[in-house]
Amino acid sequence: MKIDEVILASKSPRRRELLDQIGVVYRCVPSEKPEVLTSTIPKDVVMELSRQKASDVAEIVEDGRERLIIGSDTVVAFEDKILGKPKDEQDAFDMILMLSGKTHEVYTGVTVIYQNESQQEIHTFYECTKVFVDNLSEQNIRDYIATGEPMDKAGSYGIQGYFGKYVTGIEGDYNNVVGLPVSRLYREVKEKFSIEL
């Protein structure tokens, strides 16, 4: 089935790159609505936030056209505690030190909304990937923080950047850690809505 358009409810350059990579033609309409949380469980948090983003954008663009709206949210969790973006360099240092030599999880929630002039269907799922981090010295961590890379990232690191050399392995989907599990997204959209992205 062909649709009029695909909208990404995000301005994340990493999510845009991932959709570009699999050949999806889309436009970005980020949600500006404040996030509201009713849970602290990582998988529930990402699904809730992805749904809020997609639903907000669905209201903004509603005009009867047939479209898919993709909302997504990613968190880093260590021992079931969500690690957000660092407040400052000390916070980034503490987070990376906590992850050093250990395994943590990255959760991404995805909500896909199909809408046309007469209906709206909402489908939400999440993906979890385990990430294994090498033992880091304090100097390693300081050098990484000096790149500026951790300051806008959940968990204070980006796997696709400089920090990649400290990741000794993953269990699951690499793209999920970057910010969008595109293979799972493709399959879910095809199975749920009979649409090929």
Measure the shortest side-chain to side-chain distance between H123 and E121 over non-hydrogen atoms and say whether it is less than 4.5 angstrom.
-> no
What's the spacing between L68 CG and I195 CD1 if we round to 0.5 Å?
-> 4.0 Å
Transitive ILVMFWY cluster of L37 at side-chain heavy atoms under 4.5 Å: who else is in it?
-> V45, V46, M47, L49, V75, I82, Y107, Y126
May I ask you to test the L19-L185 pair for a side-chain heavy-atom distance under 4.5 Å?
-> yes
Taking only residues at least two apart or on different chains, which pairs with a member in residues 23-46 satisfy side-chain hydrogen bond (donor to acceptor under 3.5 Å, both in side chains)?
-> E5-R27, D20-Y26, S31-D56, T38-E48
Does any non-hydrogen side-chain atom of Q115 lie less than 4.5 Å from one of V61?
-> yes
Where at least one partner belongs to residues 140-154, residue pairs that pass salt bridge (Lys or Arg N to Asp or Glu O under 4.0 Å), sequence neighbours excluded = E138-R142
Only counting residues at least two apart or in another chain, list the ones meeting ring pair (Phe, Tyr, Trp, His ring centres under 6.0 Å) with Y162.
-> Y144
In chain order, what residues pass the ring pair (Phe, Tyr, Trp, His ring centres under 6.0 Å) check against F78, with sequence neighbours excluded?
-> none
Within-4.5 Å side-chain heavy-atom neighbours: E17 and V178 = no
Nearest heavy-atom contact between G109 and S50 is O-CB, 3.3 Å
Rounded to the nearest 0.5 Å, how far apart are CG of L180 and CD1 of I22?
-> 7.5 Å
Under the salt bridge (Lys or Arg N to Asp or Glu O under 4.0 Å) rule, what pairs show up with a residue in residues 68-84, not counting sequence neighbours?
-> K53-D73
Interatomic distance, E196 atom CD to S194 atom OG [nearest 0.5 angstrom] = 10.0 Å
Is a side-chain donor or acceptor of N175 paired with a backbone partner of S183 at a separation under 3.5 angstrom?
-> no
List the steps and the verdict of side chain to side chain contact (heavy atoms under 4.5 Å, CB included) for E66 and I3.
-> CA-CA 6 Å; E66 188 177 36; I3 53 171; 3.8 Å; yes
So CD1 of I70 and SG of C28: to nearest 0.5 Å the spacing works out to 10.0 Å
Side-chain heavy-atom pair F163, L99 within 4.5 angstrom cut-off = no
Output for pair (E105 CD, N176 CG), nearest 0.5 Å, gives 11.5 Å
Are the side chain of T168 and the backbone of F132 linked by a donor-acceptor contact shorter than 3.5 Å?
-> yes
Quick check: does any side chain N or O of T111 sit under 3.5 Å from a backbone N or O of R51, one acting as donor and the other as acceptor?
-> yes
Electrostatic pair E188:R184 at N-O distance under 4.0 angstrom | yes
Take Y114 and V112, measure what side chain to side chain contact (heavy atoms under 4.5 Å, CB included) needs, and give me the verdict at the end.
-> CA-CA 7 Å; Y114 168 79; V112 182; 5.9 Å; no
Grab the two heavy atoms, one from A9 and one from V57, that are nearest each other, plus how far apart they are.
-> CB-CG2, 3.5 Å
In sequence, state the C-alpha distance, the side-chain angles, and the governing distance for M95 and V76, and then conclude on side chain to side chain contact (heavy atoms under 4.5 Å, CB included).
-> CA-CA 10 Å; M95 270 195 244; V76 173; over 6 Å; no
Would you name the heavy atoms of S156 and P150 that are closest together and state the gap between them?
-> O-CB, 2.8 Å
Indicate the atoms forming the closest heavy-atom contact of Y157 with I159, along with that distance.
-> CD1-N, 3.7 Å
Backbone N/O of V177 and side chain of T129: donor-acceptor pair under 3.5 Å = no
Hey, mind stepping through V6 and V25 against side chain to side chain contact (heavy atoms under 4.5 Å, CB included) and telling me if it holds?
-> CA-CA 7 Å; V6 175; V25 177; over 6 Å; no
With a cut-off of 6.0 Å (strictly less than), are more than 12 heavy atoms of other residues, nucleotides or ligands near CD of Q119?
-> yes
Determine the minimum heavy-atom distance between S72 and R15, stating which atoms define it.
-> OG-NE, 3.3 Å
Here the pair of heavy atoms bringing K87 nearest to D91 is N-OD2, 2.9 Å
Are V29 and I122 co-members of a hydrophobic cluster defined by side-chain heavy atoms under 4.5 Å apart?
-> yes
Shared hydrophobic cluster for I41 and V110 (ILVMFWY, side-chain gaps under 4.5 Å) = no
Enter the distance from R67:CZ to D4:CG here, rounded to the nearest 0.5 Å.
-> 7.5 Å
Step through the shown structure and confirm whether more than 12 heavy atoms of other residues, nucleotides or ligands are within 6.0 Å of NZ on K192.
-> no
Could you state whether V189 and I7 fall into the same hydrophobic cluster, counting links through intermediate Ile, Leu, Val, Met, Phe, Trp or Tyr residues with side-chain heavy atoms under 4.5 angstrom apart?
-> no
Side-chain heavy atoms under 4.5 angstrom apart, residues restricted to Ile, Leu, Val, Met, Phe, Trp, Tyr: same cluster for F125 and I69?
-> no
Is I113 reachable from Y186 through a run of I, L, V, M, F, W or Y residues, each pair having side-chain heavy atoms under 4.5 Å apart?
-> no
